Asker: 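A single structure is presented below for examination.
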Amino acid sequence: MDDTISQTTLRLSTTSTYEKPSVSHSEQSWELATESIVVRIRWFGIAMGYVLVQTRTGLHDPSAVRAFLALGAGYAALDTVFYRLGEVFLKRFPLFVSLMESLFIGLLCYHDTGLDSPFRWYYLLSVLCCAMRYRRELAWITCGFHALSFLVLARTVGANREGLAGVALTLAILVWLTWAASALATILRATGQRLAQLNNALERNAGELERRVAERTAALRASEARSIQQEKMAAFGLLAAGIAHEVGNPLAALSSLIQILQRRNPDEYTSEKLDLAGSQLTRIQRTLRELVDFARPASKAVTRFKPAEVIDEALGIAKYYHRTKDRVITTEFSTDLPPVRAVRDHLTQVVLNLVLNALDATKKGGLVHLSARSEAKSVLIEIADDGPGIKGPDQARLFQPYFTTKAQGTGLGLFVSRQMVEESGGTLTHRSELGQGAIFTIQLPADHGSHLPTSPGLLHQGAGA
Ligand code: ADP
């Protein structure tokens with residue numbers, strides 16, 4: 001008994017993490033818990049019966065009593081087997097069981113010593129079992145069967161005044177026990193169901209809490225990743241501005257010196273070399289300007305612009321990346337490309353990020369192809385490469401913060417890029433097959449407000465060389 005009850009209690013207290021109890025589940029637990037008590041009561045009754053037969057004299061028919069007890073033991077054995085299998089024997093026919101028990105106890109008393117037989121207390125045990133397992137009404141019907149059985153016995157054995165007083169007392173106790181046992185069982189059953197409901201509510205709340213914690217953790221990680229990326233950009237901006245300042249002045253001085261020398265009508269050879277030096281100086285100044293421009297604090301303003309412009313801008317920065325030298329970068333823009341409305345600086349960063357990733361993924365001589373086209377009400381910018389592609393398990397983690405396969409990687413590029421594109425109302429997706437390269441697609445809503453001229457196709461080949 002104890003183990004089943006404690007198992008039931010345990011289930012009620014641990015379901016918050018492992019299983020969702022339902023009311024029908026708790027019903028079943030209740031039935032099995034009570035069945036464990038019933039089985040023990042039956043065996044107790046049989047054992048007591050044998051002791052009573054062996055230790056007393058004056059029984060009307062001891063062998064008949066033993067035979068009935070053997071029958072009872074068989075029934076108790078069946079009950080036990082079913083209980084061990086997690087079932088309740090004859091569960092669907094409680095009244096049939098009650099009727100059989102009434103008959104069984106009546107016959108036991110008859111073959112024992114009649115109305116004063118101690119077996120009459122078995123009526124109480126039987127009604128107790130019934131009240132624990134079934135509804136109140138069934139317990140009362142069982143009480144009725146037993147009362148009838150005892151009255152028939154009284155009539156059969158022909159009770160005198162004293163005997164009738166004993167019968168009345170037994171019946172009074174039977175009624176009292178039926179009431180007490182079924183009232184107690186009702187309270188216990190209701191408490192069990194309430195506990196199961198509370199447990200369900202607890203389970204739901206715990207799930208909701210876990211979901212919220214996960215949500216908040218993800219948001220925290222996201223903002224942490226964003227601020228790391230911003231810090232990186234700010235540090236880069238500071239560095240670029242510092243370099244521009246330190247190098248800018250001497251460069252301006254060199255440029256004036258070259259102009260002064262050129263004004264002095266130098267010979268053809270010197271003039272040619274001065275021109276060359278001047279153009280190299282201009283190139284350094286342009287590079288510095290581009291770096292400072294790119295590294296300045298990004299504007300978060302949503303503006304309307306041609307997608308080709310940001311692609312050019314991103315490629316203008318990417319050309320300084322050492323891997324650009326020995327890769328082929330091609331671009332292809334469809335002529336009817338509409339403008340988009342987005343945070344321009346963000347989009348430049350995203351395209352640059354994807355191009356740098358593609359350059360990292362490809363080998364010497366590898367191809368990175370950028371294209372932009374319109375589709376329905378969107379503009380699609382694709383960055384494709386002929387690198388090794390992305391492994392299946394990695395694909396699922398690609399946009400998670402801190403996922404990187406590079407020795408020097410931060411694993412923030414794609415995560416932050418996706419956020420930036422989504423902030424502009426677009427999406428960033430990818431497709432890749434192992435050995436077939438990877439394609440990252442930026443989809444942005446087109447802004448057809450008014451027509452802007454579109455850029456012609458450009459070709460960047462070894463742009464940094
Ligand atoms: P990081 O570049 O710092 O590693 P990213 O978020 O930009 O961070 O990229 C995460 C990972 O995605 C990379 O480490 C790489 O494994 C994978 N990846 C991104 N782009 C490509 C690509 N074009 N081809 C193959 N793998 C890629």
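Ligands are counted one by one from 1 in listed order, and the atoms in each one are counted from 1 as well. Note that the coordinates shown come from a computational prediction; the quantities given were computed from them, not determined experimentally. Quick note: residue numbers are just sequence positions, from 1.
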Asker: Between Lys91 and Glu87, is there a salt bridge with N-O shorter than 4.0 Å?
Answerer: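 Result for this pair is no, no salt bridge flagged.
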Asker: With a 4.0 Å cut-off on heavy atoms, does Gly411 reach ligand 1?
Answerer: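 Contact present.
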Asker: Just jot down the side-chain contact (heavy atoms from CB on, under 4.5 Å) partners of Arg263, sequence neighbours excluded, or say none.
Answerer: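 Arg263 satisfies side-chain contact (heavy atoms from CB on, under 4.5 Å) with Gln259, Ile260 once adjacent residues are dropped.
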Asker: How far is atom 21 (C) of ligand 1 from the closest protein heavy atom, and which atom is that?
Answerer: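 It is Phe440 CE1, 3.9 Å.
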Asker: Are Arg212 and Glu210 within salt-bridge range, i.e. N to O under 4.0 Å?
Answerer: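 Here Arg212 does not pair with Glu210 in a salt bridge, since their nearest N and O are not under 4.0 Å apart.
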Asker: Any N/O of Ile390 closer than 3.5 Å to an N/O of ligand 1?
Answerer: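 In fact, backbone or side chain, Ile390 has no N or O that close.
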Asker: Side-chain contact, heavy-atom cut-off 4.5 Å: Met48 with Tyr122?
Answerer: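 They are in contact (side-chain heavy atoms under 4.5 Å apart), so the answer is yes.
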Asker: Could you identify the single nearest non-hydrogen protein atom to atom 20 (N) of ligand 1 and state the distance to 0.1 Å?
Answerer: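 Here the closest protein heavy atom is Asn357 CB, 3.4 Å.
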Asker: Check ligand 1 against Thr405 and write out every atom of the ligand that is under 4.0 Å from a heavy-atom position of the residue.
Answerer: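 So the answer, numbered in order with elements, is 13 (C), 14 (O), 15 (C), 16 (O).
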Asker: List the atom pairs, with distances to 0.1 Å, where a side-chain N or O of residues 128-137 and a protein N or O form a donor-acceptor pair under 3.5 Å, not counting sequence neighbours.
Answerer:
from	atom 1	to	atom 2	distance (Å)
Arg133	NE	Glu35	OE1	3.0
Arg133	NH2	Glu35	OE1	2.6
Arg135	NH1	Glu137	OE1	2.7

Asker: Which part of Asp385 is near ligand 1, with near meaning a heavy atom under 4.0 Å away: side chain, backbone, both or neither?
Answerer: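 Answer for Asp385: side chain.
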Asker: In the protein, which heavy atom is nearest to atom 24 (N) of ligand 1, and how far is it?
Answerer: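 The protein heavy atom lying closest is Ala361 CB, 3.4 Å.
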Asker: Considering only NZ, NE, NH1 and NH2 on the basic side and carboxylate oxygens on the acidic side, decide whether Arg204 and Glu208 come within less than 4.0 Å.
Answerer: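 Looking at Glu208 together with Arg204, the answer is no, because their closest N to O distance does not fall below 4.0 Å.
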Asker: Which residue holds the protein heavy atom closest to atom 2 (O) of ligand 1, what is that atom called, and what is the gap in Å?
Answerer: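 Of the protein heavy atoms, Lys406 NZ, 2.7 Å lies nearest.
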Asker: Regarding atom 3 (O) of ligand 1: of the candidates Thr404, Thr410, Val355, which has the closest heavy atom?
Answerer: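 Shortest heavy-atom distance from atom 3 (O) of ligand 1: Thr410.
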Asker: Return the residue, atom name and 0.1 Å-rounded distance of the protein heavy atom closest to atom 10 (C) of ligand 1.
Answerer: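 Sorting protein heavy atoms by distance from atom 10 (C) of ligand 1 puts Phe403 O, 3.2 Å first.
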Asker: Could you identify the single nearest non-hydrogen protein atom to atom 6 (O) of ligand 1 and state the distance to 0.1 Å?
Answerer: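 Looking at atom 6 (O) of ligand 1, the protein heavy atom closest to it is Leu414 N, 2.8 Å.
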Asker: Which heavy atom of the protein is the closest neighbour of atom 17 (C) of ligand 1, given with residue, atom name and distance?
Answerer: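 For atom 17 (C) of ligand 1, the nearest protein heavy atom comes out as Leu398 CD1, 3.8 Å.
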Asker: Could you tell me whether Glu313 and Arg344 make a salt bridge, using a distance below 4.0 angstrom between a side-chain N and a carboxylate O?
Answerer: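 Yes, this pair counts.
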Asker: Between Arg418 and Glu423, is the closest basic N to carboxylate O distance under 4.0 Å?
Answerer: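 Salt bridge: no.
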